[in-house]
Amino acid sequence: MRKAILFLTIILFFSLFLLYSTNVFSRAGGGHSYSGSSSSSSSRSSSSSRSSYSSSRSYGTSGSSSGSGSAVGAIITFLIIGGIIIVIALTSKRGPGDARYNETIGKASGLSDALKSQQRTQNLQRIKELDPDFSEEKFIERTKNAFLTIQKGWSEQNMSLMKPFVSNGIFARFSVQIEMQKYLGYRNQLENIRILNAAIDTAYSDNLYDVINVGFTAVMEDKNVDLKTGKVLQVNTSEPFTEYWTFARRKGAKTTNKAGLIEGKCPNCGAEIKITESGSCEFCKAFIMGGQYDWVLTEITQECEYSDAPPQSVQGLTEMIQKDPDFNAAVIEDKASVIFFKMSGSLLLGDSRLLKGVCHPTYYQLLQSSQNLSGLFDKETEWYPSLDEVAVGAVELKRVTINGEDGFVRLDVMVKWSGANCERSRANRQIRNRGQNTVRIQNYVLVRKSDVRSSAFYNFKTVPCRNCGAPLSDNISDTCEFCGSSVNDGSRDWILYAIEPYRPFDYKPQNISFQKNPIEDRISLSAIISGMLTDGKIDASEENILIGIAKERGISEGELRVLITSVANGFSVANPSNNAEAERLIEKATGMLLSDGVLSDGEYKILSGVAARFGVDKKSLDRIVLEKKKSIYKEAKQYIKTSN
């Protein structure tokens with residue numbers, strides 16, 4: 001295309017030169033203006049605006065002219081008009097590459113921050129209408145107390161301080177990490193904690209809960225201290241950081257003037273918190289740990305993984321809620337977090353029993369007998385395969401399959417985490433053969449028998465034994481300690497059925513395309529890297545473009561390097577196994593690159609390379625780009641209409 005338009009431009013320029021020499025028609029009223037990019041293909045846009053052509057002419061005689069002059073003039077006129085027609089025809093094939101597409105998508109992207117603020121105000125107002133005593137200022141002060149209490153509990157390795165107001169997922173995360181610290185003989189001591197800023201970022205409601213995300217920016221002194229001697233083993237980086245804390249409360253719950261869970265009081269009766277194993281207040285017997293009375297911390301997300309857009313759609317979610325009204329996506333993600341950290345704990349400590357109560361028996365046996373994990377749980381072996389520096393980045397419900405296999409409802413939950421492979425010694429707890437930190441993306445398959453219904457009463461907490469109703473302690477058994485019935489057969493709660501490679505081409509994005517979604521961006525970038533690495537390398541020009549793409553999306557160069565290492569080591573993204581999967585993967589990557597309405601030459605070149613390596617021809621690529629841009633444009637128009 002570039003060469004064709006350049007060639008036509010030269011013809012037009014030369015023709016005009018002849019034209020001025022022969023005075024075919026006057027300059028007054030003539031001429032043209034052309035603006036646009038000459039690097040756009042037939043179905044994509046470059047970074048410049050749509051080409052435009054305008055022409056007005058004044059025909060007439062210019063005195064005497066020879067016949068040969070008239071012939072030359074006619075030829076030149078024909079060349080100019082013909083060239084114009086060809087240029088217009090070629091550039092018009094760019095379809096949605098014109099200014100109205102770019103401007104509409106750009107406008108919608110710009111409106112997202114303003115609309116988010118507007119929606120936050122509206123959603124908070126709805127909470128106040130149902131709960132007149134709710135105060136944003138008091139809520140922020142309470143969450144600050146929660147922030148400081150958790151830092152204190154973490155430093156002292158005292159989980160009892162935070163247990164009343166955190167979900168099972170948060171509790172499991174900290175429990176495993178603290179257990180690992182104890183195993184290695186140290187604690188992470190945090191001192192001089194200063195909250196630099198705390199503010200409500202988003203607020204929304206789902207089918208069961210009011211949800212508020214609070215952004216914290218803080219700084220603190222961070223060091224590792226020997227548990228026995230108190231000696232400082234390591235001083236960690238102490239720089240300001242930002243995290244987003246998600247608090248949920250059952251819709252319809254009321255704010256009271258009494259202290260609540262965060263302050264260590266029962267929100268129902270006001271007594272000092274003494275919680276029974278069932279999660280009820282020892283004094284008033286009210287179940288107080290599931291968000292029915294007070295706010296519960298359900299997630300902590302690092303700034304680089306945080307998306308401010310609530311899920312727009314999860315495949316099968318609407319149908320599932322119709323069948324099971326107390327089913328809730330956030331609760332499922334919390335349960336998946338519990339299972340993930342039990343899995344992490346089993347790999348860190350080399351003890352499979354941590355998984356017994358949350359794994360389907362068949363999968364538990366598979367884990368023990370798998371060739372890849374052979375000897376992993378052998379207590380006689382001095383060294384065992386392990387992990388180091390495990391951290392979860394994101395947990396997202398991606399799909400609900402109601403009519404699953406074997407009478408189960410199936411859930412696909414994406415878990416994005418990081419860590420390093422290593423070997424540990426049972427004798428002295430030392431680490432050897434530590435690999436590089438890599439990002440892993442896996443699909444945790446959870447199942448439950450199709451006739452079981454959710455109980456919002458126990459959301460974010462452990463569901464009791466279905467047979468006898470006894471509370472289940474967080475033990476290493478697969479049976480109820482009171483009646484002996486199975487707790488991991490899917491008749492009580494969701495259990496782990498399999499861990500599979502994450503297949504991004506299987507799922508639709510859960511947010512509007514032009515809104516920022518760091519998780520989707522990183523998955524799409526991993527897919528691009530995966531395609532680039534099919535020939536085993538990334539050259540300097542490709543790397544520079546990747547750095548530019550990452551920078552535009554708030555991904556540091558260091559994080560990009562980790563992504564490249566992760567993909568090169570077989571983590572982060574699954575390669576497509578057929579053409580349909582390849583096209584779906586490219587569509588996701590295209591959506592990320594088109595989030596601002598523009599696809600630069602460099603970005604298109606990257607997509608072209610990825611498409612070629614995945615066996616997708618240029619015609620199909622251009623079709624994908626065209627269809628995706630139309631889709632984003634349609635979303636943007638609706639978004640603008642909604643915001644007005």
Side-chain angles (χ1 to χ4, degrees), residues 157 159 163 168-185 277 334-388 390 392 395 413 415 417 419 421-429 431 440 442 444-448 461-468 470-500:
Q157 297 182 332
M159 295 296 294
K163 187 173 184 178
N168 265 6
I170 295 291
F171 191 80
R173 174 187 302 188
F174 289 143
S175 295
V176 169
Q177 291 173 321
I178 288 175
E179 187 67 27
M180 195 61 216
Q181 290 174 9
K182 290 179 179 180
Y183 176 77
L184 296 175
E277 285 191 6
D334 190 70
K335 291 182 185 297
S337 293
V338 173
I339 295 172
F340 168 78
F341 280 104
K342 284 183 177 291
M343 175 64 74
S344 299
S346 72
L347 294 171
L348 289 166
L349 303 174
D351 189 351
S352 65
R353 294 175 301 166
L354 294 175
L355 294 167
K356 259 191 171 183
V358 296
C359 258
H360 187 280
T362 302
Y363 189 60
Y364 181 70
Q365 292 298 322
L366 180 64
L367 284 176
Q368 288 190 305
S369 62
S370 169
Q371 183 177 359
N372 292 334
L373 299 178
S374 177
L376 177 60
F377 304 121
D378 183 359
K379 294 294 184 182
E380 301 301 321
T381 305
E382 182 180 7
W383 292 92
Y384 65 94
S386 184
L387 293 170
D388 193 31
V390 175
V392 67
V395 180
V413 185
V415 179
W417 60 284
N421 292 334
C422 65
E423 291 180 308
R424 292 187 187 276
S425 168
R426 299 187 195 282
N428 55 26
R429 301 174 183 173
I431 292 176
R440 335 282 178 97
Q442 295 173 318
Y444 272 49
V445 179
L446 309 186
V447 298
R448 191 184 67 182
K461 295 300 171 187
T462 302
V463 177
C465 173
R466 183 177 176 86
N467 183 55
C468 70
L472 297 174
S473 58
D474 191 22
N475 57 23
I476 56 177
S477 175
D478 55 1
T479 60
C480 172
E481 59 186 305
F482 294 96
C483 70
S485 62
S486 175
V487 300
N488 66 342
D489 62 355
S491 64
R492 178 187 62 89
D493 202 2
W494 300 96
I495 54 173
L496 180 65
Y497 193 73
I499 298 177
E500 302 173 342

What's the separation between atom [atom1] in [X] and atom [atom2] in [Y], rounded to the nearest 0.5 Å?
X: Met159; Y: Phe171; atom1: CE; atom2: CZ; answer: 4.0 Å
X: Arg448; Y: Ile495; atom1: CZ; atom2: CD1; answer: 11.0 Å
X: Arg173; Y: Phe341; atom1: CZ; atom2: CZ; answer: 4.5 Å
X: Leu446; Y: Lys335; atom1: CG; atom2: NZ; answer: 10.0 Å
X: Ser175; Y: Lys342; atom1: OG; atom2: NZ; answer: 8.5 Å
X: Leu348; Y: Asp388; atom1: CG; atom2: CG; answer: 8.0 Å

### Side-chain heavy atoms of Val176 within contact of Met180, under 4.5 Å
no
### Task
Compare all side-chain heavy atoms of Phe340 with those of Val395 and state whether any distance is below 4.5 angstrom.
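Side-chain contact under 4.5 Å: no.
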Without swapping roles, check the side chain of [X] against the backbone of [Y] for a donor-acceptor pair under 3.5 Å.
X: Tyr444; Y: Ser337; result: no
X: Asn488; Y: Cys359; result: yes
X: Arg424; Y: Leu387; result: yes
X: Ser486; Y: Thr479; result: no

### Message
Using the rule given for side-chain contact (heavy atoms from CB on, under 4.5 Å), can you reason through Asn168 versus Asp334, listing the C-alpha separation, both sets of side-chain angles and the distance that settles it, and then say yes or no?
### Response
CA-CA 7 Å; Asn168 265 6; Asp334 190 70; 3.7 Å; yes
### Message
Walk me through whether Leu355 and Met343 qualify under side-chain contact (heavy atoms from CB on, under 4.5 Å).
### Response
CA-CA 6 Å; Leu355 294 167; Met343 175 64 74; 3.8 Å; yes
### Query
Minimum heavy-atom separation for Gln157 to Gln181, with atom names?
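Closest pair (atom of Gln157, atom of Gln181, distance): NE2-OE1, 3.1 Å.
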### Message
Evaluate Tyr363 against Ile499 for side-chain contact (heavy atoms from CB on, under 4.5 Å), listing each step before the verdict.
### Response
CA-CA 9 Å; Tyr363 189 60; Ile499 298 177; 3.3 Å; yes
